[in-house]
Amino acid sequence: MSSKLIGVGVGPGDPELVTVKGVNALRAADVVVVPVMAAPDGKDGGERGRAEATVLHYVPEEKVVRVVFALNERADHGRREAAWDAAGGRVAELLTAQGTVAFATIGDPNVYSTFTYLAQTIQDLVPGTVVETVPGITAMQDLAARSGAVLTEGTEPLTLVPVTAGAAVLKEALNGPGTVVAYKFGRQAHEVAEALRETGRIDDAVWGSALGLAEESIRPAADLDGGPLPYLSTLIAPARREGGRGGKL
């Protein structure tokens with residue numbers, strides 16, 4: 001039988017937002033891999049990530065395997081590649097020994113996820129591996145629900161921008177039509193606030209972090225003072241809407 005690697009989206013942090021299909025996939029897998037951040041020495045830093053904390057609501061700890069990924073390495077390309085090779089090799093070993101491995105990822109496995117790179121590596125290391133994904137609730141959906149922000153109406157487009165690509169990319173999107181969602185902007189909060197003000201989009205915008213967790217914070221973007229925010233912060237700048245109900249139909 002072919003080995004199987006399943007990327008399971010476990011949502012933004014609230015364990016109640018894992019889908020029934022996701023829970024079933026986690027429980028049916030022989031082992032569940034969770035990504036952990038590397039310490040300066042490249043080893044397991046010991047910190048329990050959001051994906052692992054969510055998974056442990058549904059499967060016993062002995063079924064969970066922590067694998068170090070270079071989640072926080074951006075400057076040293078060689079070190080990042082070496083970490084990816086090591087992580088892929090560890091998951092390849094698990095696939096060979098266990099058969100079915102689930103990889104838990106926050107949000108959705110097909111939206112800016114570590115799983116994408118892992119799947120590419122595994123298909124090279126373990127040819128014939130069947131790769132599947134189980135969709136998960138994204139941070140923008142959760143923030144929209146918790147804040148009351150409407151993501152799209154009628155014919156409006158929706159633009160998703162990772163601010164790690166640069167604040168200029170966000171500003172370009174804000175100058176366009178429709179709703180703009182920004183991910184991973186905590187380290188560039190000042191630049192994001194400036195872009196919102198320059199484009200006249202700050203009044204209706206909202207940001208949130210740690211959604212569904214004890215430290216959850218959801219506030220108007222107008223409250224941004226340029227101070228640092230959690231890395232995994234999410235911003236929604238709703239479309240400019242005029243004409244009343246159904247105005248964009």
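Start at 1 with the first residue, then count along the sequence. These numbers were taken from a predicted model, which means no experiment stands behind them.
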Considering all heavy atoms, the nearest I236-A144 contact: CD1-N, 3.7 Å
T133-N110 side chain donor-acceptor pair, cut-off 3.5 Å: yes
Sequence neighbours excluded, every pair satisfying ring-ring contact (aromatic ring centres under 6.0 Å, His included) that has a member inside residues 198-228: none
Partners passing salt bridge (charged side-chain N to carboxylate O under 4.0 Å, His left out) against E194 (at least two apart in sequence or in another chain): none
Any donor-acceptor N/O pair, R201 side chain to P238 backbone, under 3.5 Å: yes
Taking every non-hydrogen atom, the tightest pair across R197 and A222: NH2-O, 3.9 Å
Approximate separation, where rounding is to 0.5 Å, of L224 CG and I202 CD1: 6.0 Å
Spacing of F185 atom CZ and T164 atom OG1 [to the nearest 0.5 Å]: 12.5 Å
Intermediate values then yes/no, ring-ring contact (aromatic ring centres under 6.0 Å, His included), F103 and F69: CA-CA 12 Å; F103 179 88; F69 285 80; 5.5 Å; yes
Any side-chain heavy-atom pair of V150 and T179 under 4.5 Å: no
Whether E156 side chain and E153 backbone form a donor-acceptor pair below 3.5 Å: yes
Chi angles and distances behind the side-chain contact (heavy atoms from CB on, under 4.5 Å) call for T121, L125: CA-CA 6 Å; T121 303; L125 293 177; 3.8 Å; yes
R90 (side chain) donor-acceptor with V67 (main chain) under 3.5 angstrom: no
Pair E93-T96, side-chain donor/acceptor within less than 3.5 Å: no
Same cluster (ILVMFWY, side-chain, under 4.5 Å), I6 and V91: no
Closest non-hydrogen atom pair, V68 against A87: O-CB, 3.4 Å
Test: R27 cationic atom under 6.0 Å from Y58 six-membered ring centre, within 45° of axis: no
Closest approach of V206 to A149 (non-hydrogen atoms, all atoms of both residues): CG1-CB, 4.2 Å
Distance, nearest 0.5 Å, that separates CD1 of I106 from CG of L232: 5.0 Å
Trace of the side-chain contact (heavy atoms from CB on, under 4.5 Å) decision for L235 with V181: CA-CA 5 Å; L235 173 86; V181 175; over 6 Å; no
Path from V65 to V34 over hydrophobic side-chain contacts below 4.5 Å: no
CA sep, side-chain torsions, deciding dist, call: I122, Y117, side-chain contact (heavy atoms from CB on, under 4.5 Å): CA-CA 9 Å; I122 290 301; Y117 312 117; over 6 Å; no
D14 and R50 ion-paired at < 4.0 Å: no
Distance (rounded to the nearest 0.5 Å) between S209 OG and E215 CD: 8.0 Å
Nearest heavy-atom neighbours spanning A51 and P35: CB-CD, 4.4 Å
side-chain contact (heavy atoms from CB on, under 4.5 Å) assessment of V130 paired with L5: CA-CA 6 Å; V130 175; L5 176 65; over 6 Å; no
Min side-chain heavy-atom separation M140-L158 under 4.5 Å: yes
Exam field: side chain Q98 to backbone L94, donor-acceptor pair closer than 3.5 Å: no
Same cluster (ILVMFWY, side-chain, under 4.5 Å), I218 and L213: no
Atom pair CG (L229) and OG (S217), whose distance is rounded to the nearest 0.5 Å: 8.0 Å
Least distance between heavy atoms, V161 atom then T159 atom: CG2-CG2, 3.8 Å
Heavy atoms of other groups near E191 CD, more than 12 under 6.0 Å: yes
Exam field: side chain K171 to backbone L196, donor-acceptor pair closer than 3.5 Å: no
Qualifying residue, where the test is side-chain contact (heavy atoms from CB on, under 4.5 Å) with V55 and the options are V33, V64, V18: V64
Linked, directly or transitively: V8 and L17 (ILVMFWY side chains, under 4.5 Å): no
T105 versus T114, side-chain donor and acceptor atoms under 3.5 Å: no
Y112 reachable from I137 in the ILVMFWY side-chain graph, under 4.5 Å edges: no
Straight-line distance of Q141 CD to T138 OG1, nearest 0.5 Å: 3.5 Å
Residues, nucleotides or ligands: over 12 heavy atoms within 6.0 Å of E16 CD: no
